[in-house]
Engineer: 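Would you mind keeping the following structure in view while I ask a few things?
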Amino acid sequence: MATRESVEQFIQQCEDALRNAHAQYSEAKQLEHYNDTEFTNAQEQIEATYNDLMHLSQSCNAQQREQLNRMRLQLQNLQNEMTLLRH
């Protein structure tokens with residue numbers, strides 16, 4: 001079973017990944033093709049975080065799983081936006 005502390009640390013990691021990806025997404029909308037490497041790295045970070053989230057959620061209680069599910073939705077939403085951006 002996942003501890004409360006490990007879930008909180010992981011939520012912080014997710015928020016960091018989201019913050020970085022949002023910054024890269026905003027920059028990509030303005031600069032188009034000038035930050036391809038950073039944009040791709042942010043997408044990879046979102047994907048890795050999503051995969052980690054899915055593994056962690058298997059060992060959580062219902063309340064923790066709900067927190068992770070909300071974070072999963074945020075990650076998926078941003079991942080979709082980044083994929084659909086004409087970059």
Side-chain angles (χ1 to χ4, degrees):
M1 175 160 271
T3 65
R4 182 177 58 85
E5 184 177 317
S6 66
V7 172
E8 287 176 3
Q9 287 176 348
F10 185 74
I11 294 289
Q12 183 61 44
Q13 178 185 337
C14 290
E15 290 172 352
D16 292 343
L18 284 169
R19 204 170 9 264
N20 178 43
H22 273 294
Q24 293 304 319
Y25 178 77
S26 295
E27 192 172 323
K29 283 174 60 175
Q30 295 172 1
L31 299 177
E32 296 180 4
H33 297 287
Y34 294 108
N35 69 335
D36 286 339
T37 304
E38 294 87 359
F39 188 83
T40 302
N41 289 343
Q43 285 181 305
E44 290 172 354
Q45 183 182 17
I46 290 287
E47 181 69 21
T49 303
Y50 177 85
N51 291 336
D52 292 344
L53 183 146
M54 296 309 289
H55 286 109
L56 180 62
S57 69
Q58 294 174 357
S59 63
C60 291
N61 64 33
Q63 182 181 3
Q64 292 168 331
R65 202 171 295 118
E66 179 60 30
Q67 277 184 298
L68 292 177
N69 187 48
R70 281 179 287 189
M71 187 57 65
R72 178 187 62 81
L73 293 173
Q74 289 180 45
L75 290 168
Q76 282 182 316
N77 184 46
L78 183 53
Q79 190 175 38
N80 290 339
E81 288 179 26
M82 292 179 85
T83 300
L84 294 175
L85 181 66
R86 293 186 181 262
H87 181 254

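Keep in mind that this is a model prediction, so the values were computed, not measured.
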Engineer: On a heavy-atom basis, which atom in His55 and which in Asn51 lie closest, and how many Å separate them?
Structural biologist: ND1-O, 2.9 Å
Engineer: State the CD-CD1 distance between Glu81 and Ile46, to the nearest 0.5 angstrom.
Structural biologist: 10.5 Å
Engineer: Under 4.5 Å between any side-chain heavy atoms of Leu85 and Met82, yes or no?
Structural biologist: no
Engineer: Do Asn69 side-chain atoms and Arg65 backbone N/O form a donor-acceptor pair below 3.5 Å?
Structural biologist: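 Here the side-chain-to-backbone pair does not exist.
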Engineer: Keeping to residues at least two apart or across chains, list the side chain to side chain donor-acceptor pair (under 3.5 Å) pairs with something in residues 15-26.
Structural biologist: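 Sorted pair list: Gln12-Asp16, Asp16-Arg19, Asn20-Gln45, Gln24-Asn35.
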Engineer: Restricting to non-hydrogen atoms, name the atom on Gln13 and the atom on Asp52 that form the minimum distance, rounded to 0.1 Å.
Structural biologist: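 Reported closest heavy-atom pair: NE2-OD2, 4.0 Å.
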Engineer: Between Asn61 and Gln64, is a side-chain contact (heavy atoms from CB on, under 4.5 Å) present by the stated rule, with each step listed?
Structural biologist: CA-CA 5 Å; Asn61 64 33; Gln64 292 168 331; 3.3 Å; yes
Engineer: Check whether any side-chain N or O of Gln30 sits under 3.5 Å from a backbone N or O of Glu27 as a donor-acceptor pair, and report yes or no.
Structural biologist: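 Judged by distance alone, no pair lies under 3.5 Å.
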Engineer: Quick check: closest heavy atoms across Ala21 and Ala42, and the distance to 0.1 Å?
Structural biologist: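 Ala21 and Ala42 have their closest heavy atoms at CA-CB, 4.0 Å.
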Engineer: Give me the one residue out of Leu68, Asn80, Thr49 that meets side-chain contact (heavy atoms from CB on, under 4.5 Å) with Leu75.
Structural biologist: Thr49
Engineer: Shortest non-hydrogen contact from Leu53 to Phe10?
Structural biologist: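 Taking Leu53 first and Phe10 second, the nearest heavy atoms are N-CZ, 3.3 Å.
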Engineer: Can you tell me how far SG of Cys14 sits from CD of Gln67, rounded to the nearest 0.5 angstrom?
Structural biologist: 10.5 Å
